[in-house]
Amino acid sequence: MRPTPAEDADDRTVRLVRAAQGGDTLAMAELLDLLTPYVGRVCAPIALSQGADAAQEALVAVFKSLRTLKEPAALRGWVRAIAVREAVRIARGSHRAVPLDLSTLPAYGDPQLSADIRDVLDRLSPEHRAVLVLRDVEGLDERTAAALLGVRTGTVKSRLHRARDTFRKAWTS
C-alpha cells in the first residue's frame with residue numbers, strides 16, 4: 001500500500017529534523033523554509049505589529065533547541081508551543097497603541113476589515129490573543145491550549161470567555 005501525500009510529508013519532515021539535529025545545514029535551511037510561514041501565522045495575531053519579531057525569536061529558539069526534540073514527528077506541536085510563548089513574551093514587552101474609532105465598519109471583503117480586526121485584537125492582552133489564536137484559529141481544545149500556555153484548563157476557559165466578550169464589545173462599539 002502506498003503512503004498518502006500527508007504521510008510522505010511527515011516522513012520527509014522527520015528525516016529533515018533528524019538531519020538538522022545531526023548538523024546538516026542544508027536540512028536546517030529546508031526546515032526553516034518549511035516552518036517560517038507556520039510560525040508567522042501563529043505569532044502575527046498574538047504579537048500584532050511585532051509579529052515578525054516574535055516569529056524570528058521563535059525560529060531562533062526552535063533552532064537553538066532542536067537537538068532537545070526527542071520525537072521529530074511532534075515537530076509542529078513543539079514549534080507551536082515555542083511560537084506562542086515567544087509571541088506572548090514579545091507582545092507583553094510592547095507598548096500598545098491607542099485604538100482607532102470603529103464606529104463605521106467596512107463591508108465584507110473591504111481591505112479595511114483586516115486592519116479593523118487587527119485593531120480590535122490590539123485591545124486585548126497578549127494572553128487573551130494567545131488563547132483566541134490557539135482555540136479559534138488553531139482549533140486546539142482547552143486542555144491542549146492550557147498545556148501550551150502553562151496554565152490550568154479553567155484559566156484557558158475564563159480567558160477565552162473574557163477575550164471573546166471583549167472582542168465582541170470592541171467590535172460592536
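Owing to the predicted nature of the structure, the values given are computational and were not obtained by experimental measurement.
By the rule that hydrophobic residues join a cluster once side-chain heavy atoms approach within less than 4.5 Å of another member, Leu75 and Leu32 end up as members of one cluster. Residues Phe63 and Leu69 share a single hydrophobic cluster, defined by chaining ILVMFWY side chains whose heavy atoms lie under 4.5 Å apart.
Heavy atoms only, all atoms of each residue included: Glu86 and Ala54 are closest at CB-O, 4.0 Å. Of all heavy-atom pairs between Ala83 and Ala58, the closest is CA-CB, 3.7 Å. The nearest pair of heavy atoms linking Val88 to Ala130 is CG2-CB, 3.5 Å. Heavy atoms only, all atoms of each residue included: Leu148 and Gly77 are closest at CD2-O, 4.1 Å. Contact detail for Arg129 and Ala91: the closest heavy-atom pair is NH2-CB, 3.2 Å. Taking both residues in full, the closest heavy atoms of Ala55 and Gly40 are given as CB-CA, 4.1 Å, listed atom of the first, atom of the second, then distance.
Side chains of Arg159 and Arg164 form no contact here, defined as non-hydrogen atoms less than 4.5 Å apart. Taking the side chain as every heavy atom from C-beta outward, Val133 and Val84 never approach each other to under 4.5 Å. Side-chain contact between Asp136 and Leu160 is present, with at least one heavy-atom pair separated by less than 4.5 Å.
Distance CD/Gln50 to CG/Leu48: 9.0 Å, rounded to 0.5 Å. Within the model, atoms CZ of Phe167 and CZ of Arg123 stand 10.0 Å from one another, a figure rounded to the nearest 0.5 Å. Put simply, CG on Leu149 and CG on Leu140 are 9.5 Å apart, with the number rounded to the nearest 0.5 Å. Between the NE2 atom in His128 and the CD1 atom in Ile46 there is a gap of 13.0 Å [rounded to 0.5 Å]. To the nearest 0.5 angstrom, Ser49 atom OG is 7.0 Å from Asp122 atom CG. Note that the CG atom of Leu132 and the CG atom of Leu121 stand 7.0 Å from one another [nearest 0.5 Å].
Pairs passing the side chain to side chain donor-acceptor pair (under 3.5 Å) check and including a residue from residues 53-74, sequence neighbours excluded, do not occur. Every pair passing side chain to side chain donor-acceptor pair (under 3.5 Å) that includes a residue from residues 137-156 is listed here, sequence neighbours excluded: Tyr38-Glu138, Arg80-Glu138, Arg135-Glu142, Asp141-Thr144.
Ion pair Arg168/Asp165 flagged as a salt bridge, since at least one NZ, NE, NH1 or NH2 atom sits closer than 4.0 Å to an Asp/Glu carboxylate oxygen.
A donor-acceptor contact shorter than 3.5 Å links the side chain of Gln21 to the backbone of Leu66.
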